[in-house]
J.: 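Quick one: the structure is below, questions incoming.
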Amino acid sequence: MPMLDIKNLTLEIDTGQGMVKALDKVNLTVNSGEIRALVGESGSGKSLIVSAISGALPGQWRLTADRLSWKGESLLSMTAEERREVMRRDIAVVFQNPVTALDPSATLGEQLEEGIPDEFVEGSWFWQRKQHRKKIAVSTVHKVGIKYHKHYLSAYPHQVPTDICQKFMIAMALVSQPKLLIADDPTRGMETTTKTQILKLFTRLNQTKSLSILFVSHDLLAIASMSHTMTVLYAGQTVESGKMKHLRKRPLHPYTKALLDSAPSFRTNLPPKSTLPTLEGTIPPLQHMPIGCRLGPRCPRAQRDCVVTPVVRRIHDHTYNCHFPLHMEKL
Amino acid sequence: MITILTRYLTLFVLTLLVLAALSFSLAYLFPGDVLTNLSGITPQNEIQREALARQYKLDQGYFFQFIHYIGQLLSGNWGYSFISGLPLRDEIGIAMPATIELSTYAMLIAIVIGIPVGYYAGMKGYTTADHTINSISLFSYSFPVYWLALVFILVFSLELGIAPLSGRISLLFDIPNVTGFILIDTLLADGIDRGLAFRDALHHMVLPTLAIAIITTAAMIRLTRRSVIDVLSRPYITAARSRGLSRWQIFSRHILRNALLPILPLMAIQITTLITNAMIVETLFSWPGIGNWLIQAIYQRDYPALRIGMLAVSTLVITLTILIDLFNRLIDPSREKYERGTV
């Protein structure tokens, strides 16, 4: 049974010229103990999904879903208090921009310590509890690969380099020992060595603590090496979803294929100095979303039927939304 | 820390020097005799004139005159009033505290009421409660202060007769000027019924204080509300919510401080308005403060008094502005250590 189960999540935003569906019937599941990658171009709605799960959307946006549940309990029908409890203990989120997601007027140490659930803190007197909090904070900071905890715990966010801020965000997410970690582009702005370090940390936590991770990124190389399953998003629609190795070997949706082809490291037979294959055009702006399959105008295989939104089709645990999928003859 | 203090001290001293230069040049710019404008004494004959000119170094260049002028200011010799013939220092010593007292109470009311109400409105952003508070504050912010004071006099003093019309305290009480703050002085005075005097002073103070405080409070509510709404939309509040912190934790740890920080510099701007308002209200209530005193000086063309009055009021404003900015700098960790001080 999936831990996080999202079915037909639709998010409507008022742009001033009527409501626009920023997310259109998105499906996403995260099973216990798996690393799921959520991939898509910038503006495809990845971060909106993260906000929808964490309940951080502005009130005037309309969110509807057939299912948005955590361990079988609907997040949408919960009381605010219950939802807060889920967010406090079970789900942790690493937001995209670490510098703005940290309070500029509090030290990093204070912000890290306030996230520690009271149940973890031992000691009956406040000074003992304070000391223990500090200990937990220091060990968490070491875990994410920050060495000089003395310096950084008492520093303010603006005094600290961006990658350290990002690591602090990860530390804050991990300090409550969550069951699901939602990481929204956690390795952005990091150099390769730090990136590898963070990805290794995620993999290790996944293996030893069976932490489920929803890894949101457009860094295909990083995703391919660590995640088990992948969901591809295009312009607010789920395009294809399935096991990583199936998707890589035999993508069914033309967009998935284009996405994988555009990453040179996946191509073994790429001749030198050849142009990389890309789709014509750009991702459409929110006000001018095409009807039906939103990839339609850019899709090399588009036909008249594509003006009707394709329904979800399923082959084993591989789902895709396309009228004219690739590789069908081989299946 | 020491660098910051030095920066602000330099800024303060330089600004005061510019103000002193301005006040000095007024002696030349005002109509009439320079010597009379500077000293406040009209020489009776040539011998006295020459003696005074020598005393004020008018026989030397402008620069030395200015240096001497600053020396005189620092030693407390501010000249004499044309009209009363009293030393200006003593007159300002009585008038200035009266204004400061009025402004202080108005500011206290504005802070005690305005900031919490502003926080409440901001936290309830865009609901009926918020809209109600916002429109009331906008409404009262748009009153001209002299009109409001006149309406108060008309309603409370003349129609209802529940508040005294003018002055600081009933003439029955003889209060010696110790601190300059009437409420404290009544408690220190000897030989009178202190409780009665205190109540009488309070009674006199209500209307002028309210007239100023209403406008300042409205401004404070609006500043605070805006700042809180601004902070609420920041990503770190979203992030704090997603960590499952309670509403109270988010408010006390993240919103309170971050919303207060941008209010402080704006408060410094409000102080100028506050003192101007206080000076207008004083005139209407015959409150013996600096505003009333300056108006009288203008009516009577008391040039030495105007020269010193301008210097005294601007020094007060500059001092408060710089102090608030310094305080803000000291408590705001995100402000750069090497940022320059500003007035």
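Because the structure is a prediction, the values reported are computed rather than measured. A note on names: the letters A, B, ... follow the listed sequences, proteins ahead of strands, and every chain is numbered from 1.
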J.: Are more than 12 heavy atoms, taken from residues, nucleotides or ligands other than A:Gln131, located less than 6.0 Å from that residue's CD atom?
T.: no
J.: Heavy-atom pairs under 4.5 Å with chain B are the metric here; pick the option from A:Thr107, A:Asp103, A:Val93, A:Val175 that has the most.
T.: A:Asp103
J.: How about A:Ser105 and B:Leu261: do any of their side-chain heavy atoms sit closer than 4.5 Å?
T.: yes
J.: Grab the two heavy atoms, one from A:Arg88 and one from B:Gly244, that are nearest each other, plus how far apart they are.
T.: CD-O, 3.7 Å
J.: Just wondering, do B:Pro235 and A:Phe95 contact through their side chains at under 4.5 Å, heavy atoms?
T.: no
J.: Can you find a heavy atom in the side chain of A:Pro104 that is under 4.5 Å from one in the side chain of B:Tyr236?
T.: yes
J.: Could you tell me which portion of A:Thr100 (side chain, backbone, both or neither) has an atom closer than 4.5 angstrom to a non-hydrogen atom of chain B?
T.: both
J.: Over all heavy atoms of both residues, which pair between B:Ser242 and A:Ser54 is shortest? Give the atoms and the distance, please.
T.: CB-CB, 4.1 Å
J.: Give a yes or no on this: more than 12 heavy atoms of other residues, nucleotides or ligands lie within 6.0 Å of atom OH of B:Tyr120.
T.: no
J.: Is A:Ala92 in contact with chain B via its backbone, its side chain, both, or neither, using a 4.5 Å heavy-atom distance?
T.: neither
J.: With a 4.5 angstrom heavy-atom cut-off, could you sort out which part of B:Ser233 is near chain A: side chain, backbone, both or neither?
T.: neither
J.: I'd like to know if A:Glu114 pairs up with B:Arg243 as an ion pair, taking the criterion as any Lys NZ or Arg NE/NH1/NH2 lying under 4.0 Å from an Asp or Glu carboxylate oxygen.
T.: yes
J.: Kindly write out the residues that satisfy salt bridge (Lys or Arg N to Asp or Glu O under 4.0 Å) with B:Glu282, not counting sequence neighbours, or none if the list is empty.
T.: none
J.: Go through A:Met87, A:Arg84, A:Gln96 and name the one with the most non-hydrogen pairs under 4.5 angstrom from chain B.
T.: A:Arg84
J.: For B:Phe327, does the CZ atom have more than 12 heavy-atom neighbours from other residues, nucleotides or ligands under 6.0 Å away?
T.: no
J.: How about B:Trp248: does its CH2 atom have over 12 heavy atoms from other parts shown lying under 6.0 Å from it?
T.: no
J.: Please say whether more than 12 non-hydrogen atoms of neighbouring residues, nucleotides or ligands are located less than 6.0 Å from CD in A:Glu85.
T.: yes
J.: Can you tell me if B:Tyr141 has over 12 outside heavy atoms packed within less than 6.0 Å of its OH?
T.: no
